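Letters A, B, ... mirror the listed sequences (proteins, then strands); counts begin at 1. Source: prediction; values computed, not measured.
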Amino acid sequence: MLQLQTIREKKEEIIKALQKRNLDGTLLIENVLQLDEKRRSTQTQLDRALAEANSLSKEIGMLFKNGKQQEANVLKEKTGTLKEESKKLGEELNNTAEELQSLLYQIPNIPHPSVPSGNTEEDNVEIFKEGDIPILAGDALPHWELAKKYDIIDFELGVKITGAGFPVYKGKGARLQRALIAYFLDKNTEAGYTEIQVPHLVNEASGYGTGQLPDKEGQMYHVGVDDLYLIPTGEVPVTNIFRNEIVNEKDFPIRYTAYTPCFRREAGSYGAHVRGLNRLHQFDKVEIVRVEHPEKSYEALDGMVDHIKNILRELKLPYRVLRLCGGDLGFTAALTFDFEVFSTAQDRWLEISSVSNFETYQANRLKLRYKDENGKSKLAHTLNGSSLALPRVLAGILENYQTPEGIQIPEVLIPYTNFNIID
RNA sequence: GGAGAAUUGGCAGAGUGGUCGAAUGCGGCAGUCUUGAAAACUGUUGAGGGUCACACCUCCGGGGGUUCGAAUCCCUCAUUCUCCGCCA
């Protein structure tokens, strides 16, 4: 959520920047400022009433102490109207604040100046590409057929147990997936991220903290009886570690990595593009999260991008990096780089990582602050990225490493799998 | 799931209706002393709103109530601890 102070000071710039998201925020911002004005004036009136009541109460106390009952009773009468007034003002203040809050929740983050304009993923800008796209034999198969051929992923079995989008990994498929998780966690740890394990269900406050609520409510599975949500990404529990925290400036950089399953309802998406592992309701992901000093956050973002490049280079997968355009940028992000791996048998790119800087947007919701050198608390910056999303990496490996003899295992993974071919 | 106790500032811990935003100790920060450090001593040290700056207002787990006045009384929810039950 944007800071009110920023909206007050940079109204025009914000409206202009939001146009990159193809959003005309004029009315929204105007309403916010109006409500903010109203809130503050109501607050002032309320404060005045409370101040008066407070000093009367003190006087009454003194009078009672000195045995002047009658005078005290006279003053008591006066407090009656003040009480009514402050009650009314208090309600008004609450209503205004609530209305203001819900408007603020509707304003997305301001895109970073380097975000290109554009409407759809077509307008994202490729900034880097690496790795050779293998030339496959004419009978090369998409991963879902490879999965069947070698009996390593069973989609139908998942349908029986749960429903579409919940595959069962078997034998070397399961082992390969576990190897990838361990490998990613090891790489992240080497790079300075602390490995943690977090809950896979979160409460409502956490959903608001990272911005899944209220705007993306329908994307999460909700456990009604206990009012908890299954996490759509590890970002939610990990970043919420810092909700309502004031960290020490000396603690930067704060770096965490966590492996979690992710649950997404993804209602209404069917067709060829969601076949196999391309889109699932449950999948595994290793996430990296950083909390940074505002002046260092873009440096950190670059570092995260380089880190993920390294991993993909080691896996020898053909991939590219995109700078997301305004129209494709997530609600809470200021700048996002997407990583895509080339799925040779499907002849298309698959998103396997999304690395974002949220600047103070999440921190403001989370109330995540740090103490600067003058002892003042300021909002920190939060960042996160996938390193990496498992199913599509798996799909990329299956398709790009297929040979007539079987599926070769990338060299760096063999110590983790203990086999070098799936056949 | 049942019974009881608790929830106060970074931590520990006082405070049961009237200068209590809150004693005290530890920790943190600044200073004195010291060649330096430690010790000792002195000062300082919660968050948010509001203001040019003051004033002022709010916050003692969350929400609601009683009262002129609540950290202190009442209701309710949550969490933690102890005992019992159940269980990986």
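If you measure from atom CD of A:E245 to atom C1' of B:G10, you get 11 Å, rounded to the nearest angstrom. Atom-to-atom, NZ of A:K367 to C1' of B:G46 comes out at 16 Å; the value is rounded to the nearest Å. The nearest whole Å value for the distance from the CG atom in A:L46 to the P atom in B:G50 is 14 Å. Per the geometry, CD belonging to A:E84 stands 13 Å off P belonging to B:C68, to the nearest Å. Between the CG atom of A:L93 and the P atom of B:G50 there is a distance of 11 Å, rounded to whole Å. Taking atom CG on A:L4 and atom P on B:G50, their separation rounds to 8 Å, with Å as the unit. The distance between atom CG of A:N94 and atom P of B:U58, rounded to the nearest whole Å, is 14 Å. B:G64 atom C1' lies 11 Å from atom NZ of A:K87, rounded to whole Å.
For the pair A:S377 and B:G46, the criterion of a side-chain N or O lying under 4.0 Å from OP1 or OP2 is not met. When the side-chain nitrogen and oxygen atoms of A:K371 are compared with OP1 and OP2 of B:A47, one or more of them lie within a distance under 4.0 Å. Residue A:N54 places at least one side-chain N or O under 4.0 Å from the OP1 or OP2 atom of B:C57.
Across the strands present, B:A47 finds its partner in B:U58; the criterion is a Watson-Crick or G-U wobble pair with both atom distances under 3.5 angstrom. Within the shown strands, B:C81 is the pairing partner of B:G4 under the Watson-Crick or G-U definition, both distances less than 3.5 Å. Of the nucleotides present, none pairs with B:A53 by Watson-Crick or G-U wobble criteria with both distances under 3.5 Å. With a cut-off of 3.5 Å on both Watson-Crick or G-U wobble distances, the partner of B:G69 is given as none. For B:A30, the paired nucleotide is B:U42, the pair qualifying as Watson-Crick or G-U wobble because both relevant distances are below 3.5 Å. The partner of B:U16 is absent, by the rule that a Watson-Crick or G-U pair needs both atom distances under 3.5 Å.
Closest to the A:D47 side chain, of the nucleotides B:C68, B:C56, B:A47, is B:C56. Side-chain proximity of A:K83 to the nucleotides B:G50, B:C57, B:G69 is greatest for B:G69. The A:L50 side chain lies nearest to B:C57 when the options are B:C57, B:G48, B:C68. Across B:G18, B:C56, B:G48, the shortest atom-to-atom separation from the side chain of A:A51 is found for B:C56. Ranking B:C56, B:U51, B:G69 by closeness to the A:R40 side chain, first place goes to B:U51.
The same atom, P, is picked in B:U79 and in B:U44; the two are 41 Å apart, to the nearest Å. Rounded to the nearest Å, the gap between the C1' atom of B:A14 and that of B:C60 is 13 Å. A distance of about 25 Å separates the P atoms of B:G13 and B:U19, rounded to the whole Å. For the C1' atoms, the distance linking B:U45 with B:C11 amounts to 14 Å, nearest Å. Across B:G9 and B:G61, the matching C1' atoms stand 14 Å from one another, rounded to whole Å. B:G48 and B:A40: their C1' atoms are spaced 38 Å apart (whole Å). To the nearest whole angstrom, the two C1' atoms, one in B:U72 and one in B:U67, are 13 Å apart. Of the C1' atoms belonging to B:A6 and B:C77, the separation is 16 Å, rounded to the nearest Å.
Considering A:N119, A:T120, A:N124 as possible partners of A:D328, the one that fulfils the side-chain hydrogen bond (donor to acceptor under 3.5 Å, both in side chains) test is A:N124. The side-chain hydrogen bond (donor to acceptor under 3.5 Å, both in side chains) with A:T257 is formed by just one residue from the set A:D186, A:T189, A:N188; it is A:N188.
The aromatic rings of A:F252 and A:Y370 stand perpendicular to each other, their planes meeting at an angle above 60°, with 30° marking the opposite boundary.
Distance CG/A:L335 to OH/A:Y298: 5.5 Å, rounded to 0.5 Å.
Each of A:K58 and A:T44 was matched to the nucleotide of RNA chain B holding its nearest heavy atom; the match closer to the 5' end belongs to A:K58. Nearest-nucleotide assignment on RNA chain B puts the 5′-proximal partner with A:R48, out of A:L56 and A:R48.
Within the cation-pi definition used here (under 6.0 Å to the ring centroid, within 45° of the axis), A:K285 does not qualify as a partner of A:Y259.
Note on A:S57: a base of the nucleic acid sits closer than 4.0 angstrom, heavy atoms only.
A salt bridge does not link A:K367 with A:E245: every distance from a Lys NZ or Arg NE/NH1/NH2 to an Asp or Glu carboxylate oxygen is 4.0 Å or more. Residues A:K88 and A:E91 are not paired through a salt bridge, judged by the lack of any N-O separation under 4.0 Å between the basic side chain and the carboxylate.
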